[in-house]
Asker: 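Have a look at the structure that comes next, please.
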Amino acid sequence: MKTEINSVKSDTRSLKDEINELKKEFNSLKYWFIGSVIGILGILVAIIGLIVKIG
């Protein structure tokens, strides 16, 4: 049985920096999701408005 040891690459970024980066990505995704939901709701309201106007 052969055992290999892989060295860990040294990086200057700390755990605190990584957590801050994850927070930024989460906030970006949160705003994207909220904007998408608002956009879909706007389209649905416009379609319902056209249906009510025609009907």
Asker: Only counting residues at least two apart or in another chain, list the ones meeting side chain to side chain contact (heavy atoms under 4.5 Å, CB included) with K16.
Answerer: S14, N20

Asker: Hydrophobic clusters join Ile, Leu, Val, Met, Phe, Trp and Tyr when side-chain heavy atoms are under 4.5 Å apart, directly or via other members; which others share one with V52?
Answerer: I48

Asker: Going by side-chain heavy atoms closer than 4.5 Å, which hydrophobic residues are tied to L29, directly or by a chain of links?
Answerer: none

Asker: Test of understanding: with side chain to side chain contact (heavy atoms under 4.5 Å, CB included), list the residues that count as partners of I47, not counting sequence neighbours.
Answerer: I43, I51

Asker: With a cut-off of 3.5 Å and sequence neighbours excluded, list every side-chain donor-acceptor pair involving residues 30-39.
Answerer:
unit_1 : atom_1 : unit_2 : atom_2 : d
S36    : OG     : W32    : O      : 2.9

Asker: Report the residues that fulfil side chain to side chain contact (heavy atoms under 4.5 Å, CB included) with I19, sequence neighbours left out, ordered by chain and then residue number.
Answerer: L15, K23

